[in-house]
Number of protein chains: 2
Amino acid sequence: MLTRKQLELLELIDARVKRDGVPPSFDEMKDALNLRSKSGIHRLITALEERGFIRRLPHRARAIEVVRMPGGADAAHVATVIDGGAQAQPQAPRNAIKVQQIHALELPVMGRIAAGTPIEAISEISHHVAVPGSMLSGNGEHYALEVHGDSMIEAGINDGDIVVIREQTTADNGDIVVALVEGLEATLKRFRRMRGMIALEAANPAYETRVLRDDQVKVQGRLVGLIRSY
Amino acid sequence: MLTRKQLELLELIDARVKRDGVPPSFDEMKDALNLRSKSGIHRLITALEERGFIRRLPHRARAIEVVRMPGGADAAHVATVIDGGAQAQPQAPRNAIKVQQIHALELPVMGRIAAGTPIEAISEISHHVAVPGSMLSGNGEHYALEVHGDSMIEAGINDGDIVVIREQTTADNGDIVVALVEGLEATLKRFRRMRGMIALEAANPAYETRVLRDDQVKVQGRLVGLIRSY
DNA sequence: CGTAAAAGTTCACCTTAAGTTCTATGGACG
DNA sequence: CGTCCATAGAACTTAAGGTGAACTTTTACG
């Protein structure tokens, strides 16, 4: 899986992060591996990223994170240790064997939502889904809903899909939102504001656009992601 | 992941919140880090937010929250500990570490695939995505591809979507598959076998169904999931 | 409720640190 | 003897960090 050099670099990064709390820069790595040019480091880093051992933010200084160590993790079920909120706890519990960082989060599926016509509650949690971190905007609360109906089908949202919603009370034109109409019907529609009114458009010609007064519509969240299983 | 300054500031905020119960103001942080201008703090805060370590409400006084600490896990980045299989950690660990199951796996994105017309390589890994375990069939290798083009649009597969593929060389009628045509074109199409020939149907009337001889088509995998970010 | 103080934001300017890219070099190898 | 590939080197681009000042929004208080 890894060449000797790649492994060496991976172990170096891991050791430095543990020692300093801060990942090494390219220059520091180059010195530590006795190379004279950091372009070699660049290639090694790229290789490690491709193989899924580290994650990084391109062009960002010291933005490297070790995701797993060789021999490590690759199973579908993994136990995650979530730190209560603060208190870093670097070392894993003793009987843990392998560690992998997964860039994802479990979100509650709060129920079903009728995509086209109205109703179906945002009520109790039925279960949870893992959602890739890249879908989440960093700040803001998120939850998931199961789509029922075909009214958003032309937007590529099918019956049974899981949609990921970011809680927010405002929306821009063209956003797909979860809106509460008349205080009770929760629907998933495309949001458009026009001369004082709000239009909720379905993405299916069989459904009519509903134009409502400002006070009849309460935006509850915006669609930020979609997950479908076949 | 963090530079020294960023880490320093993060630890300061964390310590202050623990000590005072209230996050420090920009001026207080500036003094604590021995800076003469608070605009530097602003930039560090922005960097910490980008990297997902803190969450904040813009313009609000002292509205900063530490979401996670380096090495520690919370929010979008979660450290997963793979328990050997048996014994999980039954007893509540010393400093209130919560254990959560994340039912997901990081899959490599192997490149782009043209959904409609032909070609685009399954070549090197560009990056990784977390994929919910419910998508994975337990056994079998999986990988991900970025969809390019609109040929599968009526199946709810849009340009830019990430599709999750399970490696397999056979397919049932109606499956959506990654197929290698004539040994070089990789396409995402619906698979149908008819009287000794294989039909690869696009889900877009603008594209024609291609009917090919058995030996011209090699099934490489089957679509098992889809992930879309807005 | 209005206003002043406090807190957060933005900009311009600068220096240094860090990451990226491209081309050249030199050895291993068939 | 040419190809492959890791290393080197340097040029280049961008990010990080620092400062000071003006400006806007919140928040607290009389």
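In the text below, chain A, chain B and the rest are named by the order of the sequence lines, each starting its count at 1.
Taking every heavy atom of residues 11-22 of chain A and every atom of DNA chain D, no pair lies under 4.0 Å.
Taking a cutoff of 4.0 Å between a charged side-chain nitrogen and a carboxylate oxygen, B:Glu50 and A:Arg60 qualify as a salt bridge. We find that A:Glu182 and A:Arg210 are not joined by a salt bridge, their nearest charged nitrogen and carboxylate oxygen being 4.0 Å or further apart. A salt bridge does not link B:Arg55 to B:Glu49: none of the charged side-chain nitrogens sits closer than 4.0 Å to a carboxylate oxygen.
Atoms CE (A:Met29) and P (C:dA17) sit 17 Å apart, rounded to a whole Å. As a whole-Å value, the separation of B:Ile45 CD1 from C:dT10 P is 14 Å. Between the CZ atom of B:Arg36 and the P atom of C:dC13 there is a distance of 21 Å, rounded to whole Å.
With contacts defined as side-chain heavy-atom distances shorter than 4.5 Å, the pair B:Val178/B:Lys189 does not qualify.
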Exercise for the section: Scan nucleotides 20-30 of chain C nucleotide by nucleotide, 5' to 3', and note B when protein non-hydrogen atoms come under 4.0 Å of the base, S if they reach only the sugar-phosphate, - if neither. Expected result: BBB--------
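A:Arg68 places a side-chain N or O within donor-acceptor distance of the main-chain N or O of A:Gly52, the cut-off being under 3.5 Å. In terms of modelled atom types and a separation under 3.5 Å, the side chain of A:Arg190 and the main chain of A:Glu201 share no donor-acceptor contact. Without hydrogens or angle criteria, A:Arg51 side chain to A:Ala47 main chain gives a donor-acceptor distance under 3.5 Å.
Heavy-atom contacts from other residues, nucleotides or ligands closer than 6.0 Å to NZ of B:Lys218 number 12 or fewer.
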Practice task
Decide yes or no on side chain to side chain contact (heavy atoms under 4.5 Å, CB included) for B:Leu226 and B:Ile162, but give the supporting numbers first.
Solution key: CA-CA 6 Å; B:Leu226 182 141; B:Ile162 300 288; over 6 Å; no
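Taking the 5' to 3' direction, DNA chain D first and last meets chain B under 4.0 angstrom from a heavy atom at D:dA16 to D:dT27.
Remark: the B:Tyr230 side chain and the A:Asp175 side chain contain no N/O donor-acceptor pair separated by less than 3.5 Å. Using a 3.5 Å distance cut-off with no hydrogens or angles, the side chains of B:Thr3 and A:Arg62 do not pair a donor with an acceptor.
Residue contacts shown for A:Ile41 are absent, as no nucleic acid heavy atom lies under 4.0 Å away. Counting non-hydrogen atoms under 4.0 angstrom, B:Arg62 reaches the backbone sugars and phosphates but no base. The residue A:Gly40 sits apart from the nucleic acid: no heavy atom pair falls under 4.0 Å.
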